[in-house]
**Q** 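Can you read through this structure? Questions will come right after.
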Amino acid sequence: MRDSRLLARLLADPAAAREVQDWTSLIAVARAESLAGSLAWRLEGRELPPRVEALLEAARRDGESARVQALWEAEMARRALAPLGVPVILLKGTAYAAAGLEAARGRSIGDLDILVPRAALPDVERALLAAGWEWVKEDPYDDQYYRRWMHELPPLIHRERDRMIDVHHAILPLTARPKPDMERMIGDPVPLADGLFVLSPADMIVHAAAHLFADGDLAGGLRNLWDIDRLLRQFGERDSGFWPALRERSQRHGLLPAVRRAVRLARHLYATPINWCQAPISKSLDSQGTASEKIGARHQLTATDALYRRRLLARDGWGRARRPLTRLAFYVRSHWLRMPPLMLARHLWVKARRR
Amino acid sequence: MSERSNIPDDDGIGRPSRRVVLALGAAAASTVVTIRPALAQTAGSVLNCEIPVPAPQAGSGNFIAADGKLVPAGTPGAYPPLARPLKGEEVKAMLNSGRAPAGVNSEAAQAYANYIRRLQAGMSGFTCYASLQMPR
Amino acid sequence: MRHILRLQVGPVSFRIGSQWRGPVEQLRRLYAGYPEPEGLCDFTVRLEAERFWRRWLRPSVAIRGDYVLPDAAPLPLAQGLLAAEMGMNLQMALGQKRFLLLHAASVEKGGRALLMTGHSGAGKSTLGALLGERGWRFMGDEFALLDLDDGRLHPFPRAVSLKNESLGLFDGMDPARLGPVLTGTPKGTIRHLRPNPEAVARMTEPARPVLILFPRFGRDLEPAIREVGAAEAFMRLTQASTNYVALGERGFDALTRFVGALPSRAIDYADTGQAEALVDELWRAA
Amino acid sequence: MAASLYAADPPETLRTVELEGLTLLYHRPSGLTHFLAPPAPQILEALAAGPATAAEIAARMGEAFEIESEDPAAAIAARLSELEAAGLVWRT
C-alpha cells in the first residue's frame, strides 16, 4: 500500500498495524504530515515491535508537552487580554486541546490562533504589544496588505517565549468569495472554564473545512482532515442535533460545498460516519438501512474530489513531497481563491519584484 | 536571606522565637531567570547555516540603515541588501570582532551586524543567529 | 532514494538516503563494522539536490529528513559525508525525545562514565577521542544520552569529527579508520575517525556517570581546576541540551538528580597533555 | 484606584529543588523551569494562602521573616512584576 495511504488507513483502523512491513517509511510519512503524535495515540496499547513502541511512546510524551505549551500560551494571552473584557475565542489545535476534544490527542500545535471581534482589534493589538508580543514582519507592503485584506493581524511573536500568535477577526480573507457570517460565529461561542471560548461544534467544523479548502494550498491537509474526522465523530455521537446544525451553519456561512467536500474526503480516507440526513429523534433500523444505502451514492468522490485526494496523499515513504504539478496547481489555486484576479496579479507582481 | 528552617522553633505562643532575616534586595535586582530552549544553540553548532540580509519575509528590496532597521530602497545613508547570504562563520567574526565579510566596507558591515542583532524568531536567519550566541 | 544506508549507533538507528552514490559509499567505509538496525530506524536523513538541476550542475547537497532547520545551507557534493553527519546530528538535536540529549563527549572506565561538555572549540571532541585511545572506552564526542529513568549514560559512538589542528594528533592512526580529508568546509578542515573496535562492540552498554567536566582550551591558559556548583552546572547543562525544555518534568527530574549527585569541575588547559593530567587527577578523586 | 490583587498557582502545581541558596522551580502549568533567588520563592509561599495585595503579601512575609529592606513596597512590587512576566503570578 502506498505510504501516505497506509498512514490514513492506520489512523482509521489501528488493527491494521499488524500488516505494517516498513515502519521506518510509515513514521517518516507521519512526521512529514505532522501526524506522528496522533498515530502514536491511535496505536496505544497494541502489540507492536519494542522499537516501534519506544518511538511511539516518546511521540506521545512529546504530544503531551506540546499540549501543555499550547495551553500555557493561551493562558498568557488570556491574562494579557482579560482587562479588555473582549471575548477571546481559541481556534484550531489550541481550541481542541482546551476543550478536551479527541482531535487534540497527540496533535502538534504550532502558533496560537485566536478570534476576536473586528472592532476590538486595535485594543487587542495594543494589549498584546504591551504584554511582550512583537511584530514579526517589518515590511510596509506586507503590513498594509494584511491590514487591508486579510482575516488576521500580521503575525506577532512573544519576545521571551518565542511563540507566535495569529489574531483573527474572520475565518477567511476578506477577499475570498465565501463571506462567512462572523457576527453569528463570534456571537455563539462555547465558554470554557477559565474565561476563554471555543467555536460552537458546527462552526468549528466550518472553520476547519474553510481552512482546509478555501484558504491554503492543502499542505498539511491530511492532518487537517484528520481533525475533521475526529470532530465529526465526537460531535455526531454526543449530540443528535449536530448534523442538522452543521448543514444550517455551513449554508449560512456560504461554505456548504467546502464542508461537504471535507466530509466526503474524510469518509473516504478515514471512514468517518456521515449522517447528513439523520432523523433528529427516532431512529428505526430498517429505514436507516435504506437511507444510508441511498446516501451512500451521494458520498462517492466526485472527479474533483479525486484531485484533492491526489494532493492530500502526495507524500512518499521518505517523507518527500511528490507530484510537483499537482502541488503547484493547488498553490496557484490557493491564491486564486483568496483574491479577485486583478488584485492577485498586483500581489504576485509586488512579491516577484522583490525576489 | 541568611537561612530558612522548615520547622520554626516555637516559643509557646505560636510565634517563631528565632526569626529568619529576609533581605528584599534592590528594586532593580533580578530574581527570576527562566530556562529557555537551547535547541537553536546546539542545532546550529552541529549544522552549517547562513543568514540572508535582509530576510525575504522582511522585504528583500529594502535597504539597511546604520542602526539595522529596514528602510525603503535608496534611503540616503542606508546600505543595499547583500547579494548573497552571510555564512555563520562570517557573522560570528563580524559580531565578535567587527571583521567585515569579504567585499563589504566596515560601516556597511556595522549596519548589517545591527540588522542581524535585531533578528527575531520566525525570520530567516534567526536560528542561525541564535546558534552563534555564545552564552559562555 | 537511489543510495541507502541503515546504521545503528548506540540505542539510535538511522536510515540515510542519497541521490548520489558518493556520500553513502564514504559513510559505508567510515562506519564499517557497525551493526545494521533490526526493524525500524528512528530517523530518516535525506541528502538531495536543493533544486532538481543541482543534482548534476554544481551539485550541492541539501540536508533534509524527518526534521529540518530552515536556515540549513547546502554543502558542495565533495562534502557529502559531512552533510550526512550533519543530517544525523540534526535529527538528534530536533527529534530525539527518548533521552535527555546533552551536547557532550563521554568516556567510560570500570563501568563509570566521565562527561565533558563545552562549546565547539573547548576541545571536548578531541579530548574524548584521545582518551578513547588511551585506556578509556569512547562513548561519544557529540551527544551524550542521559536515561530519563535510571540516570545512566548511553553511548552514542558516532565517528569523531576532527577539526583543523587536532587532525595532527591522530596521524599515527590506522588509515582504515580515517575518512577523507574535507577541506574548505564551514568549520575548516575536517576528517572523521571511526571509534576503535571496543567502542563499537560495546555501543549498547550504558554506564553510570560519576563526574562532569567543563573543559576550556586556550593556548595562553594556565592549567587550572575550578569547582562548579550544582546550580551553575544545571544552568550550563540546560544550555547544552537540545531537548531539556521539551521533556518537561521528566527532564527536570533527570537533570536535577544528575547535578545533585555528581561533582562538576571546570578545567582550563593549553595542550592535551595538560588536559589528560587534569582528568587523571580528578578521576582518581571521583 | 484599588490595589491589585495577586494570585499564584497552588503549591501542588510546582516542583522545587534547592540548589546552593537558589530555588529551582518546575511550573507544571507552563512546563517551564525557573531559577528563583530570594525573595521570589517567599512571595510565592505567601501567595499559597490565597490571593493578596502587595501590602498583604508583605504582611504575610513579615510573620515568617524579619524583613530587611529600605523600601519594602517598591522591592515587592518589582519582584511581583518579574513573577508576573514569568507567568508565576497574575492579577485577578
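So you know, we letter chains A, B, ... as the sequences are listed, proteins then strands, and number each from 1.
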**Q** More than 12 heavy atoms of other residues, nucleotides or ligands under 6.0 Å from CD of D:Glu70: is that the case?
**A** no
**Q** Out of B:Val32, B:Val33, B:Thr31, which residue meets the side-chain contact (heavy atoms from CB on, under 4.5 Å) rule with D:Leu36?
**A**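 For D:Leu36, the side-chain contact (heavy atoms from CB on, under 4.5 Å) check succeeds only for B:Val32.
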**Q** Where do D:Pro39 and B:Ala23 come nearest, in terms of heavy atoms and distance?
**A**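 Heavy atoms of D:Pro39 and B:Ala23 come nearest at CD-O, 4.3 Å.
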**Q** How many angstroms lie between atom CG of D:Leu88 and atom OG1 of B:Thr34, to the nearest 0.5 angstrom?
**A** 7.0 Å
**Q** Nearest 0.5 Å please: distance from the CG atom of D:Asp71 over to the CG atom of B:Leu24.
**A**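 Rounded to the nearest 0.5 Å, the CG-CG separation comes out at 9.5 Å.
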